[in-house]
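We name chains A, B, ... by the order of the sequence lines, and we start the count at 1 in each one.
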Amino acid sequence: MPKAAKSRSGKAEKKTRQKKDPNAPKRGLSAYMFFANEQRDNVREENPGVSFGQVGKILGERWKALSDKQRAPYEAKAAADKKRYEDEKQAYNVSV
DNA sequence: ACGCTGATTGTTCAT
DNA sequence: ATGAACAATCAGCGT
């Protein structure tokens with residue numbers, strides 16, 4: 001492990017951040033995004049009727065509930081996605 | 001050299 | 001269309 005920095009570095013509130021770069025090389029998704037993509041239907045299946053208030057939180061709990069290797073596939077996608085972002089970021093630097 | 005912050009990503013649900 | 005919890009991210013920048 002690199003360094004345990006702080007819980008969640010920055011980010012105080014959250015309101016549709018805006019971009020500041022010219023080509024804004026968005027970034028890659030996050031392991032949670034991939035995990036949610038698969039779990040969303042699964043979790044909602046096991047928790048029918050639960051509103052975002054529950055599903056949303058439950059989803060987060062389950063996410064970490066998975067074994068490190070279980071989230072591995074999601075992390076793998078996150079990493080692969082990051083590469084995708086790497087490409088746009090590259091074009092962004094060349095664009096400038 | 002070093003650390004930080006900000007921006008972003010996608011889900012669900014409601015309004 | 002958007003926001004809000006939920007989590008990860010991680011790249012660029014400044015001092």
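- Contact check for A:Tyr85 versus A:Leu29: no side-chain heavy atoms found under the 4.5 Å cut-off.
- Side chains of A:Tyr32 and A:Trp63 form a contact here, defined as non-hydrogen atoms less than 4.5 Å apart.
- To the nearest angstrom, C1' of C:dC6 lies 14 Å from CZ of A:Arg62.
- The separation between A:Asp68 atom CG and C:dA7 atom P is 15 Å, rounded to whole Å.
- Put simply, CZ on A:Phe34 is 17 Å from P on B:dT8, counting in whole angstrom units.
- Taking a 4.0 Å limit (strictly below) on heavy-atom distances, residues 69-87 of chain A does not reach DNA chain B anywhere.
- Looking at heavy atoms from C-beta onward, A:Arg44 lies out of side-chain contact with A:Asn47 at the 4.5 angstrom threshold.
- Within residues 40-48 of chain A, the residues approached by DNA chain B to less than 4.0 Å at the level of any non-hydrogen atom are A:Arg40, A:Arg44, in residue-number order.
- Considering only side-chain N and O atoms, A:Lys57 lies nowhere under 4.0 angstrom from the phosphate OP1 or OP2 of C:dA7.
- Regarding A:Glu61, its CD atom lies at a distance of 8 Å from the P atom of C:dC6, rounded to whole Å.
- A straight line from CD1 of A:Ile58 to P of B:dC13 spans 11 Å, rounded to a whole angstrom.
- Side-chain atoms of A:Glu38 and A:Tyr74, non-hydrogen and from C-beta on, do get closer than 4.5 Å to each other.
- For A:Ser30, whose side chain is taken as the heavy atoms from C-beta onward, the closest listed nucleotide among C:dA8, B:dT11, C:dA4 is C:dA8.
- Counting non-hydrogen atoms of neighbouring residues, nucleotides and ligands closer than 6.0 angstrom, the CZ atom of A:Arg62 reaches no more than 12 such neighbours.
- Comparing A:Met33 and A:Phe52 by the nucleotide of DNA chain C that holds the closest heavy atom to each, the one mapping nearer the 5' end is A:Phe52.
- One interatomic measurement links the two molecules: CZ of A:Arg27 to C1' of C:dA8, which rounds to 8 Å at whole-angstrom precision.
- For the pair A:Asn37 (side chain) and A:Met33 (backbone), a donor-acceptor distance under 3.5 Å is present.
- Comparing C:dA7, B:dC13, B:dT11 by their nearest atom to the side chain of A:Ala36 picks out B:dT11.
- In terms of phosphate contacts, A:Lys26 brings no side-chain nitrogen or oxygen within less than 4.0 Å of OP1 or OP2 of B:dA7.
- Rounding to the nearest 0.5 Å gives a distance of 8.5 Å between CZ of A:Phe52 and NZ of A:Lys57.
- Distance check, rounded to the nearest 0.5 Å: CG of A:Leu66 to CZ of A:Phe35 gives 5.0 Å.
- Side-chain proximity of A:Tyr32 to B:dA7, B:dC13, B:dG10: nearest is B:dG10.
- The distance from atom CD of A:Glu38 to atom C1' of C:dA7 is 16 Å, rounded to the nearest whole Å.
- Between A:Leu59 and A:Leu29, the residue anchored nearer the 5' end of DNA chain C, judged by the nucleotide with its closest heavy atom, is A:Leu59.
- A:Arg27 CZ to A:Glu88 CD: the interatomic distance, rounded to the nearest 0.5 Å, is 9.5 Å.
- Overall, the helix from B:dA1-C:dT15 to B:dT15-C:dA1 carries an axis bend of 40° between its ends, with five pairs at each end and the value rounded to 10°.
- For the side chain to side chain donor-acceptor pair (under 3.5 Å) test with A:Glu86, the passing option among A:Lys82, A:Arg84, A:Lys83 is A:Lys82; the others fail.
- Place A:Gly28 and A:Ser51 on DNA chain B by their nearest nucleotides, and A:Gly28 ends up nearer the 5' end.
- From A:Glu75, atom CD reaches atom OG of A:Ser30 across 9.5 Å, with rounding to the nearest 0.5 Å.
- As rounded to whole Å, 14 Å separates atom P of C:dT9 from atom CZ of A:Phe35.
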